[in-house]
Amino acid sequence: MTHMRSIMTIIMMTLLSVAAKAENAYIYGIAFSPTDSVIYMTDIRMLENVTVNKKTKFLSSRNEYASQMKRYMEGEGINDYVCATVFKLTYNAIHKDYAKLKKQYEKKGMLIKTIDQLKFQFQPIIESK
């Protein structure tokens, strides 16, 4: 019985390690309103030891990061904005994406305001196992 329990534990640990692993990821947030010409963006931030699905390469609980930004915006009195986050596993990939998006908004005449990282930081979400 103890031997069987050990085997089951090893199998479960193996499945969990295949499903997700903790690593660093890079993230930035964006908040926009269809009725306003102002876009709010964070700068690029590194999140340490977050859970990333190995198969899909998606950041676990990624909607929670957008919720963190939404709560910050509402706390600042900036309501009715849609908040989204973009993440990548390498700095070069996210920097390229960030620069491209920022250029697109500037080309459209949007005013981009950067959210000071001293005022708002994404908090890593630790997945329970």
Side-chain angles (χ1 to χ4, degrees):
M1 186 69 158
T2 305
H3 182 58
M4 183 60 104
R5 186 174 286 153
S6 296
I7 291 171
M8 292 302 290
T9 301
I10 291 170
I11 291 170
M12 291 302 292
M13 289 175 61
T14 302
L15 289 174
L16 285 172
S17 69
V18 168
K21 69 176 187 171
E23 60 184 278
N24 297 337
Y26 295 89
I27 189 170
Y28 69 87
I30 182 167
F32 57 92
S33 171
T35 61
D36 198 348
S37 62
V38 177
I39 302 287
Y40 292 89
M41 293 179 77
T42 68
D43 51 2
I44 297 169
R45 320 265 172 89
M46 185 175 77
L47 294 175
E48 295 180 342
N49 297 318
V50 293
T51 305
V52 176
N53 183 297
K54 279 185 175 182
K55 187 174 183 179
T56 64
K57 300 290 187 202
F58 278 166
L59 181 65
S60 296
S61 302
R62 58 193 177 282
N63 59 331
E64 293 297 321
Y65 294 100
S67 294
Q68 288 178 18
M69 187 173 178
K70 179 79 170 163
R71 286 189 297 274
Y72 166 77
M73 298 292 291
E74 289 173 346
E76 293 292 304
I78 305 167
N79 300 311
D80 302 322
Y81 270 68
V82 176
C83 294
T85 55
V86 177
F87 79 95
K88 302 283 184 191
L89 298 178
T90 66
Y91 181 80
N92 288 340
I94 200 162
H95 186 268
K96 183 178 177 181
D97 185 83
Y98 184 85
K100 181 180 175 183
L101 186 65
K102 200 169 183 180
K103 187 175 181 178
Q104 286 176 347
Y105 283 126
E106 288 170 344
K107 211 173 190 180
K108 291 180 182 180
M110 307 293 282
L111 175 62
I112 300 171
K113 291 188 176 183
T114 302
I115 297 171
D116 186 346
Q117 72 176 354
L118 295 176
K119 293 182 179 181
F120 171 72
Q121 287 284 329
F122 290 106
Q123 298 303 312
I125 296 166
I126 308 300
E127 294 287 316
S128 57
K129 294 182 180 179

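Computed over heavy atoms, backbone and side chain alike; hydrogens, waters and symmetry mates excluded.
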**Q.** Interatomic distance, I39 atom CD1 to E106 atom CD [nearest 0.5 angstrom]
**A.** 11.0 Å

Q | Linked, directly or transitively: Y91 and L89 (ILVMFWY side chains, under 4.5 Å) | A | no

Q) A84 and A66: which non-hydrogen atoms are nearest, and at how many Å? A) CA-CB, 4.2 Å

Q.
Tell me whether F87 shares a hydrophobic cluster with V82, the cluster being built from Ile, Leu, Val, Met, Phe, Trp, Tyr side chains joined at under 4.5 Å.
A. no

Q: Mind checking ring-ring contact (aromatic ring centres under 6.0 Å, His included) for Y28 and listing every partner two or more places apart, or none if nothing turns up?
A: Y98

Q. Going only through I, L, V, M, F, W and Y residues with side-chain contacts under 4.5 Å, is there a path from F32 to M69?
A. no

Q: Please name all residues satisfying side chain to side chain contact (heavy atoms under 4.5 Å, CB included) with A99, sequence neighbours left out, ordered by chain then number.
A: none

Q.
Restricting to side chain to side chain contact (heavy atoms under 4.5 Å, CB included), what partner residues turn up for T56, sequence neighbours left out?
A. N53, F58

Q) Shortest non-hydrogen contact from Q121 to Q68? A) O-OE1, 4.2 Å

Q.
For the CD1 atom of I44 and the NZ atom of K88, what is their distance to the nearest 0.5 Å?
A. 11.0 Å

**Q.** Partner set under side chain to side chain donor-acceptor pair (under 3.5 Å) for N63, not counting sequence neighbours
**A.** none

Q) Among pairs that include at least one residue of residues 41-52, which meet salt bridge (Lys or Arg N to Asp or Glu O under 4.0 Å), considering only residues two or more places apart or in two chains? A) D43-R45

Q. So how far is it from L47 CG to N49 CG, rounded to the nearest 0.5 Å?
A. 10.0 Å

Q: Quick one: list whatever passes salt bridge (charged side-chain N to carboxylate O under 4.0 Å, His left out) with K70, sequence neighbours left out.
A: E74

Q: Return the minimal non-hydrogen interatomic distance between T42 and G29, and the atom names on each side.
A: OG1-N, 2.8 Å

Q.
Could you work out, with side chain to side chain donor-acceptor pair (under 3.5 Å) as the rule, every residue matching S37, not counting sequence neighbours?
A. none

Q: Name all pairs fulfilling the ring-ring contact (aromatic ring centres under 6.0 Å, His included) condition that reach into residues 102-121, sequence neighbours left out, sorted by first residue then second.
A: Y72-F120, F120-F122

Q: State the CD-CE distance between Q104 and M110, to the nearest 0.5 angstrom.
A: 12.0 Å

Q. When hydrophobic residues are tied together by side-chain contacts of less than 4.5 Å, even through go-betweens, does I27 share a cluster with M46?
A. no

Q. What residues form a salt bridge (charged side-chain N to carboxylate O under 4.0 Å, His left out) with D97, not counting sequence neighbours?
A. none

Q | L101-Y26 co-clustered via ILVMFWY side chain contacts under 4.5 Å | A | yes

Q. Side chains of I115 and M73: closer than 4.5 Å at any heavy-atom pair?
A. yes

Q | Test ring-ring contact (aromatic ring centres under 6.0 Å, His included) applied to Y40 - qualifying residues, sequence neighbours left out | A | Y81

Q: May I have all residue pairs that pass salt bridge (Lys or Arg N to Asp or Glu O under 4.0 Å) and include part of residues 107-126, sequence neighbours excluded?
A: none

